[in-house]
Amino acid sequence: MPNAPTATTVSPMRRANHIWANSVWFLPLGIFALLFLLLPSIGLFIGSVTGGPHGVTLSYFGQLFQNQYLDAYKVSIELSATTAIVGAAAGVALAWAVVGGGLPGFLRPFFLTFSGVASNFAGIPLAFAFTASLGPVGLVTLFLSNHIGLNLYKHGFSLFGFTGLAITYLYFQIPLMVLLMVPALDHLKQWGEAASNLGANSWQFWWHIGLPILRLPLLGATLLLFGNSFGAYATAYALTSGMINLVPIVIGQELSGNVVFSPNLADALAVGMIVIMITVFAVYLITNRNEARWQR
Amino acid sequence: MKGSRVWSPIVGVVAFLYFVVPLVATAEFSVQEGPSHPFWAAYSSILSSPQFWSSLRLSLFMAVSAVVIGLVIIVPATYWAFLRAPRLQTWVEFISIMPFVVPPIVLVLGLVHLYGNGFGPLSSRPIMLMAAYGVISMPYLFRSVNNGLRSMDVRSLTEAALSLGSSWPRVLFQVVFPNLRTALLGGTFLVFALIMGEYAMSSMLGLNTFGVYMLLTGETRAHAAAALALISLALVWFLVGVMQAVNRGNVTIGGAR
């Protein structure tokens with residue numbers, strides 16, 4: 001640090017100036033993050049442990065363990081885990097088909113561009129697209145019942161429940177997985193060429209090379225997919241008209257005043273979501289850091 | 001790999017069907033307003049609706065505000081940490097990616113509970129939404145600013161400008177920003193793609209953005225909704241296309257889900 005003033009040569013006045021000149025550059029970010037990210041989050045935490053008749057209380061967190069709210073967390077976590085794991089598996093298979101040389105090379109840029117678009121095509125329009133396909137009078141539903149004789153809705157399928165929601169979420173989960181895994185798979189492909197030159201078969205390649213190399217990127221990407229769907233609101237709300245019991249939907253009911261319950265309870269639900277997101281992201285950062293070290 | 005030649009085409013075809021059929025179904029649905037209507041009826045009714053244009057304008061305005069807010073807070077901090085305070089780099093990055101752990105609905109709950117009951121200008125709903133969009137744009141803008149700074153010679157440019165007598169604001173606005181332009185385009189278009197369809201936060205704050213307009217349309221007019229879905233897809237395709245042309249291999253999580 002050539003510019004760092006030393007205590008012996010710089011007057012207190014100059015040092016004060018130096019600190020001031022430094023902090024001016026960080027003030028906009030600091031003030032904005034404090035006002036609109038940190039204080040609201042702290043406010044949620046304070047709200048979740050106060051408001052009872054006896055000052056500080058854990059009763060709102062206690063209420064999270066009542067059936068309805070516990071179930072909301074359960075469904076949210078199940079939906080995110082299902083779409084993360086299925087999305088990860090399908091995404092890796094698709095990415096490997098594109099990268100590994102099994103599909104013609106000219107398809108690669110098309111797949112990557114489309115993945116970028118589809119991973120951002122979410123929310124209300126995505127719900128509309130799936131209603132037009134798999135809804136009660138959707139194109140696919142009608143095709144299956146008219147030409148194949150399979151009436152999905154008579155067999156208990158509904159686009160507006162857990163399964164339908166999971167199928168819809170995969171539309172942005174799989175492309176995100178493709179984008180996340182293509183760099184690691186490009187790297188793996190070079191190993192694949194070396195392995196097959198040395199006479200390894202497919203099984204040996206995946207067991208001895210593919211899995212060890214991909215383990216951490218796979219775990220990291222799956223965690224990102226989990227987080228990606230855990231906070232999702234618009235797609236679920238539009239598809240189920242807010243009838244599915246997910247934590248974001250329950251919080252939204254309090255905010256829009258449709259269902260009367262304590263704001264402090266909504267705060268507790270929100271704090272629970274932040275805790276889960278921090279846990280998921282922390283595990284991601286730890287595995288990601290190890291990965292970066294391994295690649296060096 | 002011999003194995004991959006066998007199943008790769010199968011994976012490719014299944015994926016193609018899964019990704020293309022919903023779009024075809026939407027397109028088909030959007031042109032079936034009824035026998036007495038021309039096939040473009042749904043599109044012309046949308047394009048002639050004043051609510052469509054006003055909601056699009058509001059979302060565009062919010063997206064531009066979010067990008068401006070994001071740049072004003074992220075660029076100076078990232079630049080200065082990069083140039084003079086390397087120890088603070090981790091902190092700037094930490095704060096910038098923090099929005100990932102706060103889901104949009106949670107962020108808006110926090111803002112409404114903290115500022116909703118009167119807090120001067122902060123209790124205004126449009127300002128809350130602008131701030132919330134600024135928050136969700138932080139990770140994306142940080143990444144493009146950070147990549148941009150790494151790909152240019154910040155130190156030499158700064159020293160050259162200073163030794164020629166520029167003031168610090170001038171260095172920032174006439175040297176740093178112009179050199180970051182290309183890198184910033186990528187993040188900017190990504191933020192646009194996220195905000196143009198955003199629904200959760202704007203509906204909670206009672207503002208009629210494009211996302212809210214789409215949902216309200218879908219509740220009453222199914223064919224118009226399908227047409228809107230395609231218009232929205234075209235918009236995302238355009239924005240992401242520009243983003244990918246500018247910087248390759250950028251990945252998004254979070255946003256308008």
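All chains are named by letter (A, B, ...) in the order of the sequence lines, taking the proteins before the strands, and each is independently numbered beginning at 1.
- Among the candidates A:A266, A:G252, A:S256, the residue making the largest number of heavy-atom pairs closer than 4.5 Å to chain B is A:G252.
- Contact annotation for A:L134: neither backbone nor side-chain heavy atoms come within less than 4.5 Å of a heavy atom of chain B.
- Contact annotation for A:L35: both backbone and side-chain heavy atoms come within less than 4.5 Å of a heavy atom of chain B.
- Once rounded to the nearest 0.5 Å, the distance linking OG of B:S232 with CD1 of A:I124 reads 9.5 Å.
- In this structure, A:F36 and B:A131 approach most closely via the heavy-atom pair CD2-CB, 3.4 Å.
- Heavy atoms of B:L88 lying under 4.5 Å from chain A belong exclusively to its side chain.
- Contact of B:V112 with chain A is made through the side chain alone, with heavy-atom distances under 4.5 Å.
- The shortest heavy-atom contact between B:V236 and A:V117 is CG1-O, 3.9 Å.
- Note on ring orientation: taking the six-membered ring where Trp is involved, the planes of B:Y79 and A:W25 are tilted (angle from 30° to 60°).
- Proximity to chain B (any heavy atom under 4.5 Å) is shown, for A:T141, by neither the backbone nor the side chain.
- Between A:V24 and B:W168 there is no side-chain heavy-atom pair separated by less than 4.5 Å.
- Here the closest non-hydrogen pair linking A:A93 and B:W7 is O-CZ3, 3.8 Å.
- Atom CG of B:N117 has 12 or fewer neighbouring heavy atoms from other residues, nucleotides or ligands inside a 6.0 Å radius.
- For the options A:L170, A:V280, A:L269, A:V275, heavy-atom pairs under 4.5 Å to chain B are most numerous at A:L170.
- In this structure, the portion of B:L114 lying under 4.5 Å from any heavy atom of chain A is its side chain and not its backbone.
- Between atom CD1 of residue B:I105 and atom CD1 of residue A:I251 there is a gap of 7.0 Å, rounded to the nearest 0.5 Å.
- Neither the backbone nor the side chain of B:L235 comes within contact range of chain A; no heavy atoms are under 4.5 Å apart.
- Between the CZ atom of B:F189 and the CG atom of A:N120 there is a distance of 13.5 Å, given to the nearest 0.5 Å.
- Taking both residues in full, the closest heavy atoms of A:G231 and B:P104 are given as O-CD, 4.3 Å, listed atom of the first, atom of the second, then distance.
- With a 4.5 Å cut-off on non-hydrogen atoms, B:L172 touches chain A through its side chain but not through its backbone.
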Donor-acceptor pairs under 3.5 angstrom involving side-chain atoms of residues 9-32 of chain B: please list them, not counting sequence neighbours.
residue : atom : partner : partner atom : Å
B:Y18   : OH   : A:I167  : O            : 2.4
B:Y18   : OH   : A:Y171  : N            : 2.9
B:T26   : OG1  : B:P22   : O            : 2.5
B:E28   : OE2  : B:Q32   : NE2          : 3.0
B:S30   : OG   : B:A27   : O            : 2.7
B:S30   : OG   : B:Y43   : OH           : 2.8

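- Interface remark: A:L44 contributes side-chain atoms only to the contact with chain B (heavy atom separation under 4.5 Å).
- Looking only at heavy-atom pairs under 4.5 Å with chain A, the residue among B:V102, B:L107, B:L228, B:L109 that has the most is B:L109.
- Heavy atoms of B:V106 lying under 4.5 Å from chain A belong to its backbone as well as its side chain.
- Taking chain A as the reference chain and counting heavy-atom pairs below 4.5 Å, the highest number among B:M214, B:H223, B:M98, B:E219 is found for B:M214.
- If you measure heavy-atom distances from A:I46 to chain B, you find no contacts under 4.5 Å at all.
- Expressed to the nearest 0.5 Å, how far CD1 of B:I95 lies from CG of A:L37 amounts to 9.0 Å.
- Between the OG atom in B:S8 and the CH2 atom in A:W96 there is a gap of 9.0 Å [rounded to 0.5 Å].
- The minimum heavy-atom distance linking B:V72 with A:P28 is given by the pair O-CB, 3.9 Å.
- The line from CE of B:M204 to CD of A:E254 is 10.0 Å long, rounded to the nearest 0.5 Å.
- The shortest non-hydrogen separation linking A:F121 to B:A229 is CE1-O, 3.8 Å.
- Aromatic ring centres of A:F114 and B:W237: separated by under 6.0 Å.
- Neither the backbone nor the side chain of B:L230 comes within contact range of chain A, judged by heavy atoms closer than 4.5 Å.
- Looking at B:M138, only its side chain comes within 4.5 Å of chain A, counting heavy atoms on both sides.
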